[in-house]
Amino acid sequence: MAFWWPLIVIAIAFAICKLLLMLIPDNVPSIDVDTSDVLDDGNQAKDNSFIYIPSRRHTDKVQCYEPATMKYLGYFPALKPDEVKERVVQARKAQKIWAKSSFKQRRLFLRILLKYIIEHQDLICNISSRDTGKTMVDASLGEIMTTCEKIHWLLSEGEKWLKPEYRSCGRSMLHKVAKVEFSPFGVVGAIVSWNYPFHNIFNPMLAAVFSGNSIVIKVSEHASWSGCFYLRIIQTALAAVGAPENLVEVITGFAETGEALVSSVDKIIFVGSPGVGKKIMRSASNTLIPVTLELGGKDAFIVCEDVDVPHVAQIAARGALQSSGQNCAGAERFYVHKDVYSSFVAEIVKIVKSVTAGPPLSGKYDMGAICMQEHSERLQYLVNDALDKGAEIVARGSVGNIGEGAVDQYFPPTVIVNVNHTMKLMQEEAFGPILPIMKFSSDEEVVQLANDSSYGLGCAVFSGSQRRARHIASQLHCGVAAINDFASNYMCQSLPFGGVKDSGFGRFAGIEGLRACCLVKSVVEDRWWPFIKTKIPKPIQYPIAENGFEFQESLVHTLYGLNIWDRLRALVNVLKILSQQPPAPTSNRRRND
């Protein structure tokens, strides 16, 4: 016991010191970001304010409006290919300077950002809400918390995972040191979706900049207004640490703009639909740059019969109505064991009937608007197809007081039962607040149902037995699995995020996502240079001796033989060959004579 006391005292002292250090205020500079043109001056509440009617054709301008009210926000230029390429050229110049920056400088940049985000949560969420129609709570969960967690992880572990990583050198290279180095690619390009405009910009930007790259981000034409403001925050923080100008750029436009970006950068990250993802792949093949694709999903939400039904129903509602409700590919297929099917549906119905959708900044609403024009028609099409094939709507939420010009921007939360896999609703990504609930009888059946999808992003499995839930999840063909929870993986920023099949490939977030922004280089050097160097054995030096192959054969046996005695016998033969006086080489001509 006496031996342990000093260790215990040291551990307690270390913990106290760490706690005291946490109490010392961090000396992080504050930044001032111009918000004069994005703050709501109250005009949006006036009856005569401009209602925007979206054009069906692309022009030289990206028009911006509030989905929840259809009030006009302004416009940004749709950049032409030459303009995009010039932005990339400027970013490349900046990257050459930034690549030499220290991790201390990069961490200060992250701390400045983190401080600003924490102190301006209301502003960031308000802008996200106005541009995409989501509620302030949904913006806080999906924009603020995820981004803060990513910054915290990079501050804690980022440098560790970008330092050279030493690897084993194998039996034949014991005199060598083997390592992997991670150096920046150069200019990373990102084409991101509208669903989380703040986080979708910050997520690739943080990894790219911390690993020494520059980045050019094309924001969605459905969320350009917020994206261009969020760029100000980034550029102001970069200026505060003395970073070069043009290190981070946000560009606006349509397909032509994105195509030009893909053809100009050293790596591309794309968040969007499978159809556009395939076009990105084809374009990237021209320059053979690496691609990361995150292409949506049709996540299965599995409920076994041994769960706390009211508890799981609340998580299910949040997974469907917040995640896929307006803002990201979330839980879209619900499989519930037949023994708790009725009680689960009853709980979901009770929750959904209490949910009201409406303009998120004009009242207390549980859900906001649909960001994309005409998407409600798409959702109704999927519902109608299911109803035509025997499904039944058992509950719908309500829609609050909305303006006449914004009626089509809302879709009430909808619970549908008696669904099956012949229905498009169970096969195609809905991206809407619809809960289709299907029965299953056995674990084997639900695994088969969950895997019957062209998507493979994530899943959630609920069971009173954690072992059983893990076993089911292990059989599902997807990139992300949550046990007795939904979407918690993304708050663990040490984990990679991404899918398989039509959900894409490659990973962002975590160690894998951070290193995916790097050129991965294998390096081998002498362990005891200059005392021990690589020397070609005599039998295989040019001209190769007649016993050269015999030497190689014995050497392979020595190094990799399965039996220790065989390896020792082979070693003796290797030494014997090396000790022999090499015979005079015989030319081919003399042999032929």
Side-chain angles (χ1 to χ4, degrees), residues 99-100 103 157-186 211-213 266-267 284-292 474 479 494 496 498 500 505-507 510-593:
K100 301 173 185 177
F103 281 112
E157 300 186 34
E159 181 179 359
K160 169 186 173 183
W161 297 112
L162 291 176
K163 285 185 173 180
E165 182 177 280
Y166 289 86
R167 304 282 180 89
S168 61
C169 51
R171 288 182 176 178
S172 63
M173 293 287 128
L174 289 174
H175 59 298
K176 299 287 186 179
V177 173
K179 63 181 177 179
V180 181
E181 293 181 346
F182 304 95
S183 55
F185 267 123
S211 55
N213 297 281
D266 303 307
K267 174 189 170 67
S285 69
N286 293 326
T287 50
L288 292 177
I289 60 170
V291 177
T292 297
S474 69
S494 64
V500 294
F505 59 84
R507 298 293 183 265
I511 303 162
E512 293 79 2
L514 183 61
R515 289 178 170 179
C517 292
C518 299
L519 169 64
V520 181
K521 184 183 295 183
S522 300
V523 179
V524 176
E525 59 183 289
D526 289 307
R527 188 184 300 273
W528 296 293
W529 174 268
F531 306 106
I532 298 181
K533 306 175 185 178
T534 297
K535 185 177 180 181
I536 307 296
K538 282 284 185 182
I540 57 174
Q541 290 182 8
Y542 291 115
I544 297 174
E546 291 184 356
N547 59 356
F549 180 73
E550 180 187 356
F551 169 80
Q552 276 299 119
E553 192 175 31
S554 296
L555 182 62
V556 170
H557 275 291
T558 301
L559 292 171
Y560 310 110
L562 301 180
N563 184 291
I564 184 65
W565 300 113
D566 290 341
R567 290 171 63 189
L568 288 173
R569 280 193 292 270
L571 176 60
V572 170
N573 197 42
V574 166
L575 297 174
K576 179 181 177 182
I577 294 172
L578 288 174
S579 64
Q580 290 175 351
Q581 184 71 22
T586 305
S587 68
N588 288 336
R589 172 181 286 184
R590 290 180 61 187
R591 268 198 214 100
N592 292 336
D593 291 344

task: Show the numbers, then the answer: is there a side-chain contact (heavy atoms from CB on, under 4.5 Å) between N573 and I577?
output: CA-CA 6 Å; N573 197 42; I577 294 172; 3.9 Å; yes
task: Take R527 and I532, measure what side-chain contact (heavy atoms from CB on, under 4.5 Å) needs, and give me the verdict at the end.
output: CA-CA 8 Å; R527 188 184 300 273; I532 298 181; over 6 Å; no
query: Do I540 and F551 pass the side-chain contact (heavy atoms from CB on, under 4.5 Å) test, and can you show the C-alpha distance, the side-chain angles, and the key distance before you say yes or no?
result: CA-CA 8 Å; I540 57 174; F551 169 80; 4.2 Å; yes
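One finds the CD1 atom of I289 at 9.5 Å from the CZ atom of F185 (value rounded to the nearest 0.5 Å). Remark: S168 OG to M173 CE distance equals 13.0 Å, nearest 0.5 Å. A distance of 11.5 Å separates CG in L555 from CZ in F549, rounded to the nearest 0.5 Å. To the nearest 0.5 angstrom, C169 atom SG is 13.0 Å from R167 atom CZ. For the atom pair OH of Y542 and CD1 of I536, the computed distance is 9.0 Å after rounding to the nearest 0.5 Å. Between N213 atom CG and K267 atom NZ the span is 9.5 Å, to the nearest 0.5 Å.
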Identify every side-chain donor-acceptor pair in residues 516-524 under 3.5 Å, counting partners at least two apart or on other chains, and give the distances.
none

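Remark: W528 CH2 is packed, more than 12 non-hydrogen atoms of other residues, nucleotides or ligands lying under 6.0 Å away. Counting heavy-atom neighbours within 6.0 Å of L562 CG, excluding the residue itself, gives a total of 12 or less.
No hydrogens or angles considered: nothing links the side chains of E525 and W529 as a donor-acceptor pair under 3.5 Å.
Contact between G479 and R507 at its shortest, heavy atoms only, is CA-NH2, 4.0 Å.
Listed by first then second residue, pairs satisfying salt bridge (Lys or Arg N to Asp or Glu O under 4.0 Å) with a partner in residues 551-576 read D566-R569, not counting sequence neighbours.
We find that K160 and E165 are not joined by a salt bridge, their nearest charged nitrogen and carboxylate oxygen being 4.0 Å or further apart.
Of the possible donor and acceptor atoms, one in the side chain of R171 sits under 3.5 Å from a partner among the backbone N and O of L559. Listed for the R515 side chain is no donor-acceptor partner under 3.5 Å among the backbone atoms of L162.
Contacts of T534 classified as side chain to side chain donor-acceptor pair (under 3.5 Å), with partners at least two apart in sequence or in another chain: K176.
Between P539 and L578 the shortest side-chain heavy-atom distance falls below 4.5 Å.
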